[in-house]
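Every chain is numbered from 1 and lettered A, B, ... according to where its sequence line falls, protein lines coming before strand lines. Bear in mind the structure is a predicted one, so any value in this text is a computation, not a measurement.
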Amino acid sequence: MSQFWKPGAEKPRILDDEEGGVLFLSSSASSSGYGYVSIEKQRQRLPVYKYRTAILYLVEHHATTVIVGETGSGKTTQIPQYLKEAGWADGGRIIACTQPRRLAVQAVASRVAEEMEVKLGEEVGYTIRFEDVTDANKTRIKFLTDGVLLREMMDDPLLTKYSVIMVDEAHERSVSTDIVLGLLKKIQKCRPELRLIVASATIEAKAMAAFFQTRKRRTTKLVESTTSEESAILSVEGRGYNVEIHYVEEPVSDYLQAAVSTVQLIHNKEPYGDILVFLTGQDDIDAAVKLINEEARNGGKNSSGLFALPLYSGLSRAEQELIFSPTPRGKRKVVISTNIAETSLTLEGIVYVVDSGFSKQRFYNPISDIENLIVSPISKASARQRAGRAGRVRPGKCYRLYTEEYFLKEMSAQGIPEIQRSNLVSSVIQLKALGIDNILGFNWLAAPSPETMIRALEVLYSLGVLDDDAKLTSPIGFQVAEIPLDPMISKMILASNELGCSEEALTIAAVLSIQSIWVSGKGIQKELDEAKLRFAAAEGDHVTFLNVYKAFLQSGKSSQWCYKNYINYQSMKKVLEIREQLRRIAQRLGIALKSCGDMQAVRKAATSGYFSNACQLEAYSHNGMYKTVRTSQEVYIHPSSVLFRVNPKWIVYHSIVSTDRQYMRNVVSIDPSWLTEVAPHFYRQQAPNPFIH
DNA sequence: GAGCACTGC
């Protein structure tokens, strides 16, 4: 056992989340630290316990209750139980609690089932994609991702089976959370008996409460009700330890170097305890790890006994496991991480945090229709969250690599909500499917720019999903909305039905939904390229995916086979899972499952979805420069594509990554005549004559 | 010949 774990504390558990990642799950606040105490006692020790009556009173009397609860307050596990005890689940009604992430849903649900001494999946259950652990007759408390709740609204727009819906982690402002909150506000108008609880970790609560404030209805009074339409706000303290904040005195110019020096300073001056460093991305992290470990190996006087490990989502399974292996006696562990350690996973045993003040954030440009990842300053809320990571086991320290003046005067209080930084195509079709006709007039918690909304409407119109009145078309629009994929991929699946290649389209759709089917890694580039060549198809990446999938099935879905061919076995398992879900949905939509082996049909189906991403090779280009048909932007095939350096004259791409150039990832060659064939409206309008050779 | 913050259906 590591010397850094507090004696008597519960040891960390490593959970296999079956998604290719081993994630670290902290033991919940209520179960650690005190030796044996009864579950009831543990529950009563949580900070939220003394607000039990107040919470129940507010929920009884207010349509919406906003609860500000810091980490460790116990709000997530306790409030659903209080509601159940108070009778909110009587008469077959259900109490729902949403989370942004799958793993949190599972963890919280099992904890609550344990506390209530019931079998998970009966009285307490959860639903996440691919996994429904509920019982239609028995489940009274249900945890689910907010994405699943959105899907449920398509079958039951008023969410009639729920008596109370608690939206947790609302401060994170994920796209789904924002949309769910906007829709819940609408549902409240039809269902005055529905109760909402919005749980947030920050003082954004006021804005949240104001959002849910509804005007008093003066004219009709159908139901005599004592419910106040004023939202209530309640604050619950957390149970973290104090974290001392340190700032640099002068702004740093090189935060990578500054982070490394700070780690060495802590190691030199401070008592034992692990260090967590927040940097922005893989490159910086690998560089910092190397600097620290090399100095330690060379016997640097400030680094003896230090060892650094990287943490980011792209790590292989084996590399991830390293992070959780015990720290050797007399050593100090430094974990250098992306934002993944800010919310998605919790490392116990961290006493010191070094915060660079930056993270990579997605920004969407509706004019170019491209999403970029840009290194950007974090918000005060993020900075507090990062600091809090140091105070989980004992009082800690946080070293900020920016000045106090910068923190106080320049750092924005909250980040820009994700919905204002994203492509909205998927969100808009979901809202349309739920009967929200006026997208621009939707009651957004934070409205996206009109340009982004209009761009999304244009894309959906060009796909034939929306008609001239911006209403869902029948059947295509409704079918595309049913499929849980980017509408362009969904359109490819629908087109494949007529082309007789739906089996192939489902496989391609599943592969395009995951990050990558290839193993990642720096030292194995040559081997990886060679492995790719064994499956490479002249038609492009999409057809290559089909070759890989076929060979994987022939191998008997063998992990050994994957290993030999530099294919990520976890990714392939996920492909199987997604494909199975898509197959069921396709059948429900009346799509005949057919395989034709004709790659021309497959490419045509892809073109039906991706015609707006068509590109032509520049006539005299010697360096593989393409121009997009729609906007004449300069783009290049990504070196990871099987068509890199092959450079066919006409292609469609699945996505673009922007670095020093715009690189197209996952491309397939097409015949330009297909463009006018599958999207005559689009190409007649946008590019009257794009086919001049 | 290059590079991938993080989720989710």
Rounded distance in Å - CG (A:N568) to C1' (B:dC4): 14 Å
Nucleotide nearest A:T338 when distance is taken to its side chain, options B:dC4, B:dG1, B:dC6: B:dC6
Value in whole Å for how far the P atom of B:dG8 lies from CD of A:E169: 13 Å
A:L424 CG to B:dG8 P, straight-line distance once rounded to whole Å: 20 Å
N/O donor-acceptor pair, side chain A:D529 with base B:dG1, under 3.5 angstrom: yes
Whole-Å gap separating C1' (B:dG8) and NZ (A:K574): 9 Å
Touch class at under 4.0 angstrom, heavy-atom based, for A:R665 against every strand present: nothing
Expected output: side-chain A:S356 to main-chain A:F278 donor-acceptor under 3.5 Å: yes
Sugar-phosphate, base or nothing in reach of A:L150, heavy atoms under 4.0 Å: nothing
Syn or anti conformation of B:dC4, syn meaning chi within 90° of 0: syn
Whole angstrom value for the distance that separates P of B:dC9 from CG of A:L506: 19 Å
Nearest to side-chain heavy atoms of A:F644, which nucleotide of B:dA2, B:dG1, B:dA5: B:dG1
Touch class at under 4.0 angstrom, heavy-atom based, for A:S174 against every strand present: nothing
Residue pair A:F358, A:Y255: steps toward the ring-ring contact (aromatic ring centres under 6.0 Å, His included) verdict: CA-CA 9 Å; A:F358 289 95; A:Y255 62 75; 5.2 Å; yes
Options B:dT7, B:dA5, B:dA2, nucleotide nearest the side-chain atoms of A:Q515: B:dT7
Length of the CZ-P vector between A:R421 and B:dC6, whole Å: 14 Å
Touch class at under 4.0 angstrom, heavy-atom based, for A:F130 against every strand present: nothing
Residues in salt bridge (charged side-chain N to carboxylate O under 4.0 Å, His left out) contact with A:D355, at least two apart in sequence or another chain: A:R386
Which nucleotide in B:dC9, B:dT7, B:dA5 has an atom nearest any side-chain atom of A:S344: B:dT7
Proximal nucleotide (of B:dC9, B:dC6, B:dA5) relative to the A:I340 side chain: B:dC6
Value in whole Å for how far the P atom of B:dC4 lies from CG of A:D284: 12 Å
Most 5' of A:T280 and A:V148 on DNA chain B, judged by nearest nucleotide: A:T280
Value in whole Å for how far the P atom of B:dG3 lies from NZ of A:K532: 14 Å
A:R151 side chain, from C-beta outward: closest of B:dT7, B:dA5, B:dC9: B:dC9
Candidates B:dA2, B:dC9, B:dA5 - which lies nearest the side chain of A:T145: B:dC9
A:H638 side-chain proximity, nearest of B:dG3, B:dA5, B:dT7: B:dG3
Test salt bridge (charged side-chain N to carboxylate O under 4.0 Å, His left out) applied to A:K142 - qualifying residues, sequence neighbours left out: A:E152
Charged tip of A:R661 within 45° of A:Y636 ring normal and under 6.0 Å: yes
is_close_aromatic(A:Y610, A:H654), centroid dist under 6.0 Å: yes
Distance test, side-chain N/O of A:R129 to OP1/OP2 of B:dT7, below 4.0 Å: no
